[in-house]
Amino acid sequence: MINTPITMIHAFRTRNSRVTSLVKTRQLIRTPASIHSLHSSVHVTEVAYRRSCAHALLAVRKKMSTLIRVSGMQQLSEHGRRPGVGGMEPRREQNMRLKRERIFRVASDLLRTRGFSAVTTQEVSAAAGVAAGTLFRYAATKSELLLMVYNEALRSSIDEGAARAASTPDPSAAVFARLCPLVAAAAREPENSAAYQRELLFGPHDAKFRAEGMALILTLEKSLSDTLRRAAPTLSDEEARVAGSSLFAVTHLAIARMTASDTPEADAIDDLRRQVTHIVTGVLHHTPAARSAAREEMKETRQ
């Protein structure tokens, strides 16, 4: 017999069945050298096992890092930007926004350089690099393109007027400061301004961009009413609302006269200033406090 550790495994098959089982393990250790050899082999085996486990764990970590990195790249490619992180938007919404901005920019350039009557939707779609069906999803008609572009022009004029009025204490001058940029902008593009006013007044009621334009006008009228209310706190809400609508109405008429009858811009602006002064003066003198003061003055005059 060899004088080394021997693991004896005996397998047998029982006479009455075909089941194989491990029945006996025996270690034969004859000398102290055999014991030392056993301990050394066990130690080597344990170290090898630990190394193999460490290598396996490292490989798993590398694989997981690769999977996470690839997954993140796929998410970015599918969504463009991760929503909710730093205000980033999904890729689909980003593409839609970029197309809308491109269509807006092209339509604005063509309308301003050639005029509303000369521009076609086919030209806009071709210059924007989108199909006609894609353009239809953003603006179904040339009129909607016009409204889309000049709603932003109206918004800019309103913002400019608000900035001017902020430093003007006199109510008549403040109202005129709010309205003057609208007339000046219309004078620069009379054809497109006339078409824009027409679409605002008589366009389809369910048109998206017409509704946006009308909302801007209502906001402007409210700002005019608020200016009058600050000058005359006793003015009722209804009286202030009617006055605000009247002030925009004369502005609309000034633009219509200028674009339809070749009225010079200076004359249109001067007429607007006079009309604004008449309306604001009449409103402020029509407040309950002003009427009461007028009655008292009439009584004193009669006495």
Side-chain angles (χ1 to χ4, degrees), residues 77-81 83 87-161 179 181-221 248-249 251-263 265 268:
S77 64
E78 292 174 359
H79 300 288
R81 300 177 178 178
M88 295 182 176
E89 60 184 341
R91 174 59 61 87
R92 183 173 180 272
E93 294 182 5
Q94 181 187 24
N95 290 338
M96 292 178 63
R97 176 180 58 80
L98 293 176
K99 284 183 181 179
R100 181 170 59 249
E101 291 175 355
R102 190 164 67 249
I103 291 170
F104 176 90
R105 184 171 59 254
V106 169
S108 178
D109 292 342
L110 289 175
L111 287 170
R112 286 188 164 92
T113 55
R114 300 183 56 194
F116 177 71
S117 60
V119 176
T120 65
T121 55
Q122 290 80 6
E123 289 176 322
V124 174
S125 62
V130 299
T134 302
L135 177 65
F136 182 83
R137 290 199 296 268
Y138 294 94
T141 64
K142 186 170 70 170
S143 297
E144 289 191 10
L145 283 173
L146 177 77
L147 290 168
M148 178 179 68
V149 170
Y150 282 89
N151 280 348
E152 295 306 314
L154 176 59
R155 193 191 311 275
S156 297
S157 297
I158 292 174
D159 292 342
E160 180 184 350
L179 298 175
L182 277 69
V183 180
R188 292 191 293 267
E189 303 175 61
E191 179 190 354
N192 293 342
S193 298
Y196 178 65
Q197 284 192 304
R198 182 178 64 248
E199 294 300 329
L200 280 180
L201 289 176
F202 306 111
H205 292 283
D206 57 347
K208 171 187 175 181
F209 295 111
R210 179 181 183 273
E212 290 182 2
M214 295 303 297
L216 289 172
I217 291 174
L218 290 176
T219 301
L220 174 61
E221 291 182 352
F248 176 76
T251 307
H252 175 80
L253 182 60
I255 295 174
R257 289 179 55 200
M258 185 175 56
T259 57
S261 60
D262 296 329
T263 300
E265 177 184 356

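Closest approach of R210 and P204 over heavy atoms only: CD-O, 3.1 Å. The two residues A185 and S157 make their nearest non-hydrogen contact at CB-OG, 3.7 Å. Scanning both residues, A268 and M258, for their nearest heavy atoms gives CB-SD, 4.1 Å. Scanning both residues, S143 and E199, for their nearest heavy atoms gives OG-OE2, 3.2 Å. Closest of all the heavy-atom pairs between A186 and S193 is CA-OG, 3.1 Å. Scanning both residues, A194 and T259, for their nearest heavy atoms gives CB-OG1, 3.8 Å.
Side-chain atoms of E93 never come within 3.5 Å of backbone atoms of P90 as a donor-acceptor pair (strictly under, hydrogens ignored). Side-chain N or O atoms of S108 include none that pairs as donor or acceptor with a backbone N or O of R105 at under 3.5 Å.
Scanning for side chain to side chain donor-acceptor pair (under 3.5 Å) contacts around Y150 gives E189, N192, with sequence neighbours left out.
Residues F209 and E212 have side chains in contact (heavy-atom distance under 4.5 Å, counting atoms from C-beta outward). H252 is not listed as a side-chain neighbour of I217, based on a closest heavy-atom distance of 4.5 Å or more. Side-chain contact check for Y138 versus L145: every heavy-atom pair is 4.5 Å or farther apart.
Applying the salt bridge (Lys or Arg N to Asp or Glu O under 4.0 Å) test to residues at least two apart or on different chains, none of the pairs has a partner in residues 140-151.
Few gaps surround CZ on R112; more than 12 heavy atoms of other groups in view lie less than 6.0 Å from it.
Here CG of L201 is found 10.5 Å from OH of Y196. Values are rounded to the nearest 0.5 Å. The distance from atom CZ of R114 to atom CD of E123, rounded to the nearest 0.5 Å, is 4.0 Å. A distance of 13.0 Å separates CZ in R100 from CG in L135, rounded to the nearest 0.5 Å. Atom CZ of R188 is separated from atom CD of E265 by 8.0 Å, given to the nearest 0.5 angstrom.
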Can L179 and L220 be said to form a side chain to side chain contact (heavy atoms under 4.5 Å, CB included), step by step? CA-CA 9 Å; L179 298 175; L220 174 61; 4.2 Å; yes
Would I158 and L216 satisfy side chain to side chain contact (heavy atoms under 4.5 Å, CB included), going step by step from the backbone distance to the final call? CA-CA 8 Å; I158 292 174; L216 289 172; 4.2 Å; yes
List the steps, then state whether side chain to side chain contact (heavy atoms under 4.5 Å, CB included) holds for T121 with F136. CA-CA 9 Å; T121 55; F136 182 83; over 6 Å; no
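Of the candidates L110, I103, L111, V149 forms a side chain to side chain contact (heavy atoms under 4.5 Å, CB included) with just one, namely L111.
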